[in-house]
Amino acid sequence: MGKEPVEEDVPIEPGELSLETQQALLIFGVLPDKIEGMNGIWLGKEFSGIGDVFDFYEIDDRREVFELLTYIINQYMKHHEKQRELRDLQSRR
């Protein structure tokens, strides 16, 4: 594109992340979403059966992975909230 990429703008490759972070992202993708029925609002992830998921993927450091998973969920929730606010603002115009 004719421009030199800025190092800070280059996304991190998943392989550059710690093993626990990669595992947390994997678990995030596997857990089902909880969606509020009438409005379709994302409420988070369903944690029932998370022990089985940890067993299946042979997660050793469950505490670290769980803490990273909750961080990912919180960031994702903030993103969804901003997107919903933008849609609400646009629909009012």
Side-chain angles (χ1 to χ4, degrees):
M1 293 181 25
K3 288 196 254 179
E4 191 68 29
V6 178
E7 188 67 31
E8 294 83 33
D9 295 339
V10 177
I12 296 173
E13 292 292 323
E16 297 175 27
L17 300 170
S18 70
L19 175 62
E20 291 79 13
T21 304
Q22 292 178 42
Q23 291 172 333
L25 288 167
L26 172 70
I27 300 300
F28 179 80
V30 169
L31 292 177
D33 293 326
K34 291 191 299 186
I35 308 288
E36 191 272 324
M38 294 297 289
N39 297 318
I41 297 172
W42 189 78
L43 301 173
K45 290 290 188 173
E46 179 62 51
F47 283 98
S48 61
I50 194 169
D52 293 332
V53 174
F54 280 166
D55 289 342
F56 182 79
Y57 287 105
E58 299 176 351
I59 306 295
D60 292 325
D61 194 351
R62 292 176 178 215
R63 176 172 286 190
E64 177 73 18
V65 171
F66 184 78
E67 289 174 2
L68 290 165
L69 177 62
T70 57
Y71 177 80
I72 292 166
I73 290 170
N74 287 332
Q75 295 303 307
Y76 197 72
M77 197 169 286
K78 289 176 187 177
H79 171 74
H80 266 277
E81 180 63 27
K82 286 180 185 177
Q83 296 293 50
R84 196 178 83 216
E85 288 172 2
L86 285 173
R87 280 193 307 273
D88 290 348
L89 184 62
Q90 289 173 345
S91 68
R92 288 184 211 148
R93 291 184 180 172

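One is the number of the first residue; the rest follow in order along the sequence.
Distance check, rounded to the nearest 0.5 Å: CG of Leu25 to CD1 of Ile72 gives 4.0 Å. Here the straight-line distance linking atom CZ of Phe47 with atom CD1 of Ile73 works out to 3.5 Å at 0.5 Å rounding. For the atom pair CG of Leu17 and CD of Gln23, the computed distance is 11.5 Å after rounding to the nearest 0.5 Å.
In this structure, Val65 and Ala24 approach most closely via the heavy-atom pair O-CB, 3.7 Å.
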- Walk me through it: do Tyr57 and Val30 pass the test side chain to side chain contact (heavy atoms under 4.5 Å, CB included)? CA-CA 11 Å; Tyr57 287 105; Val30 169; 3.7 Å; yes
- Residue pair Leu26, Ile59: steps toward the side chain to side chain contact (heavy atoms under 4.5 Å, CB included) verdict: CA-CA 11 Å; Leu26 172 70; Ile59 306 295; 5.6 Å; no
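Under the side-chain contact (heavy atoms from CB on, under 4.5 Å) criterion, Gln75 pairs with Tyr71, Lys78, sequence neighbours left out. When the side-chain contact (heavy atoms from CB on, under 4.5 Å) test is applied to Asp60, no partner is found at least two apart in sequence or on another chain. When the side-chain hydrogen bond (donor to acceptor under 3.5 Å, both in side chains) test is applied to Asn74, no partner is found at least two apart in sequence or on another chain. Every residue meeting the side-chain contact (heavy atoms from CB on, under 4.5 Å) condition with Ser18, not counting sequence neighbours, appears here in chain and number order: Glu20, Thr21.
Evaluation of the ring pair (Phe, Tyr, Trp, His ring centres under 6.0 Å) test over residues 11-44, restricted to residues two or more places apart or in two chains, returns Phe28-Tyr76, Trp42-Tyr76, Trp42-His80.
By the rule that hydrophobic residues join a cluster once side-chain heavy atoms approach within less than 4.5 Å of another member, Leu86 and Met77 end up as members of separate clusters. Hydrophobic clustering (ILVMFWY, side-chain heavy atoms < 4.5 Å, transitive): Leu89 and Ile41 are in distinct clusters. Under the 4.5 Å side-chain heavy-atom criterion for Ile, Leu, Val, Met, Phe, Trp and Tyr, Ile12 and Val10 are members of distinct hydrophobic clusters. No continuous path of ILVMFWY side-chain contacts below 4.5 Å connects Leu19 to Val53, so the two sit in separate hydrophobic clusters.
The local environment of CD in Glu58 is sparse, with at most 12 non-hydrogen atoms from other residues, nucleotides or ligands closer than 6.0 Å.
You'll find the side chain of Lys45 reaches within 4.5 Å of the side chain of Asp33, heavy atoms only.
Alongside Leu68, the hydrophobic cluster contains no other residue (criterion: ILVMFWY side chains under 4.5 Å).
Between Glu81 and Arg84 a salt bridge is recorded (basic side-chain N to carboxylate O distance below 4.0 Å).
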